[in-house]
Amino acid sequence: MKTINPHALTCATPVEEFPGTMSKARIFIKRDDLNGLLISGNKARKMAYLVADAHRHGCDTLITCGGIQSNHCRTAAAFARRFGFNCHLFLRGKPGKNYTGNLLLDHLLGAHVNYVTPSQYTVIDDIMAEYAERLKKLGMHAYVIPEGGSNATGCLGYRDCMIEMNAFIRQQRIQAVYCAVGSGGTYAGLLLGKNLAGSHVHLNGIIVCDTVEFFKNKIERICTDALTMHKLSFTIRHKDITLIDGYQGTGYGIPYPEELHTIREVAKHGIILEPVYTGKTFYGMLQDIKRKKYRRVLFVHTGGIFSNFAYARILSVSLRGD
Ligand SMILES: Cc1ncc(COP(=O)(O)O)c(C=O)c1O
């Protein structure tokens with residue numbers, strides 16, 4: 001079997017200080033938005049592990065799922081193209097007249113796109129498993145990746161990221177790290193890395209959908225699976241997981257005025273956030289810093305720039321101040 005190295009596409013990313021004056025604290029930004037194939041952000045670190053695993057298992061096809069503007073699905077399509085896999089996506093929702101943002105890239109990258117309703121999406125793992133069986137009958141060998149690439153394999157990308165940030169966290173006496181939580185894998189990996197590095201930094205995840213209880217259970221499960229898989233002897237429990245509620249707005253992918261204001265202000269310093277994950281997380285972080293009186297924090301910028309194009313109308317209104 002020809003060897004491939006998907007990890008060659010991810011790299012150690014820089015940390016820079018945010019020059020804005022939106023907070024009394026010093027805010028540093030881990031520029032993971034710059035990472036990976038097609039500036040894939042957090043999805044590249046996870047996908048590198050998943051694609052390497054798919055290759056190890058002799059698979060020729062990737063199957064995965066997400067929202068219609070999923071950054072994760074676009075990353076899967078890009079890695080599949082680069083490493084010679086077929087890619088089948090299950091996207092929740094309906095396409096508009098014109099493709100835009102990530103959906104446009106999915107199509108350009110030649111992924112096979114299936115659209116599913118929100119109710120079908122509630123059983124998406126079963127749908128993907130059945131689909132893999134059907135492909136098997138056609139002689140294909142599919143590797144099924146769960147939503148967001150958030151499982152014991154994918155999360156290892158963020159274990160690496162925390163270990164990469166650890167020296168900076170110590171040298172700069174960072175009190176808290178913030179990240180978005182959308183399917184839980186990024187936070188789970190960072191938490192594993194924090195334990196492995198013996199760090200005491202506060203790890204704060206801002207949830208952008210669902211509930212704290214839902215994500216605590218999911219993150220605990222991902223960590224426990226990863227600990228078992230890698231024969232690590234520590235445990236992760238609910239009490240080790242700090243998730244912050246209250247910044248989801250009225251639902252997944254629905255922006256709100258304070259968030260749009262944050263996106264505009266941060267962009268003035270050359271950093272592009274987006275309305276689904278990082279806009280909500282940066283805004284939530286600013287509020288949390290005030291509450292907890294932190295002086296030095298690190299924001300993990302998880303990327304997602306392309307979904308801005310799917311929000312062109314609402315962002316234009318916000319920029320014009322209509
Ligand atoms: C840009 C971006 N940031 C953050 C997240 C959240 O990461 P996770 O799904 O690992 O919780 C996602 C995906 O869900 C994302 O696409």
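All ligand and atom numbering here is 1-based and tracks the order in the structure.
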Legend entry - Rounded distance [0.5 Å steps], SG in Cys11 versus CG in Leu34: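 If I round to the nearest 0.5 Å, the distance is 8.0 Å.
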Legend entry - Modelled atom types, side-chain donor and acceptor of Asn42 and Thr302, under 3.5 Å: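 The criterion, which ignores hydrogens and geometry beyond distance, is not satisfied for Thr302 and Asn42.
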Inset, instruction - Hey, could you give me each pair passing salt bridge (charged side-chain N to carboxylate O under 4.0 Å, His left out) that has a residue in residues 12-40? Not counting sequence neighbours. - result: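 Found Glu16-Arg31, Glu17-Arg26, Lys30-Glu164, Arg31-Asp33, Asp32-Arg45.
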Legend entry - Results of side chain to side chain contact (heavy atoms under 4.5 Å, CB included) for Ile254 - residues two or more places apart only: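 So Ile254 forms a side chain to side chain contact (heavy atoms under 4.5 Å, CB included) with Thr250.
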Legend entry - Which residues share a side chain to side chain donor-acceptor pair (under 3.5 Å) with Tyr311, sequence neighbours left out: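 Residues passing side chain to side chain donor-acceptor pair (under 3.5 Å) with Tyr311: none at all.
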Inset, instruction - Using a strict cut-off of less than 4.0 Å between a Lys/Arg side-chain nitrogen and an Asp/Glu carboxylate oxygen, indicate whether Asp240 and Arg237 qualify as a salt bridge. - result: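 No.
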Inset, instruction - Tell me the residues surrounding ligand 1, counting only those with a heavy atom closer than 4.0 angstrom, sorted by chain and number. - result: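 Within 4.0 Å of ligand 1, the protein residues are Asn42, Lys43, Lys46, Asn71, Ser150, Ala180, Val181, Gly182, Ser183, Gly184, Gly185, Thr186, Tyr277, Thr302, Gly303, Gly304.
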